[in-house]
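Have a look at the structure below before the remarks.
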Amino acid sequence: MAGDDDTPTVDIRLWRADAIVLFDWLMSTDLNTVPITHPAQKQALADLCDRFEWACDYNVMECSEEEIAAAQEEVARDMGW
C-alpha cells in the first residue's frame with residue numbers, strides 16, 4: 001500500500017461476516033476484470049485486500065469454507081433489497 005506515517009488514514013469498523021465475505025471475494029477476484037473508471041480504484045481494492053491480510057483482528061485469512069459460506073448467508077440476510 002502506498003503511503004507512510006504522514007498519510008491520512010480512515011478507520012472503518014466492519015461486521016466480521018462482511019470482512020470475511022469481502023476478503024474472500026478480493027482473494028478470488030482477478031482485479032484486471034473488475035470494471036473501473038480510474039486505475040486508482042483497482043489500486044484501492046488491492047490496498048484493501050492487503051490491509052485485510054495483515055491488520056484484520058478477526059483472522060479472516062484462516063476461515064474455512066464453512067465459515068465463508070455462513071458469513072455469506074449472514075450478510076445476504078441483511079441485504080434488504
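- In summary, of the residues considered (Gln72, Glu73, Glu74), a side-chain contact (heavy atoms from CB on, under 4.5 Å) with Val21 occurs for Gln72 alone.
- In this structure, CG in Asp24 is found 11.5 Å from CD in Glu67, a value given to the nearest 0.5 Å.
- How far OG1 of Thr9 is from CZ of Arg51: 8.0 Å, rounded to the nearest 0.5 Å.
- Enclosure of atom CG in Asp11 is not indicated, since only 12 or fewer non-hydrogen atoms of other residues, nucleotides or ligands lie within 6.0 angstrom.
- Contact detail for Ile20 and Ala71: the closest heavy-atom pair is CG2-CB, 3.7 Å.
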**Item:** Audit row: Leu45, Gln41, side chain to side chain contact (heavy atoms under 4.5 Å, CB included) steps and yes/no
**Value:** CA-CA 6 Å; Leu45 286 172; Gln41 294 167 336; 5.9 Å; no

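- Going from atom CG of Asp18 over to atom CZ of Arg13 covers 12.5 Å, rounded to the nearest 0.5 Å.
- The cluster map of Ile, Leu, Val, Met, Phe, Trp and Tyr, joined by side-chain heavy atoms under 4.5 Å apart, puts Trp25 and Val75 in different clusters.
- To the nearest 0.5 angstrom, Lys42 atom NZ is 3.5 Å from Asn32 atom CG.
- Ile68 CD1 to Phe23 CZ: the interatomic distance, rounded to the nearest 0.5 Å, is 9.0 Å.
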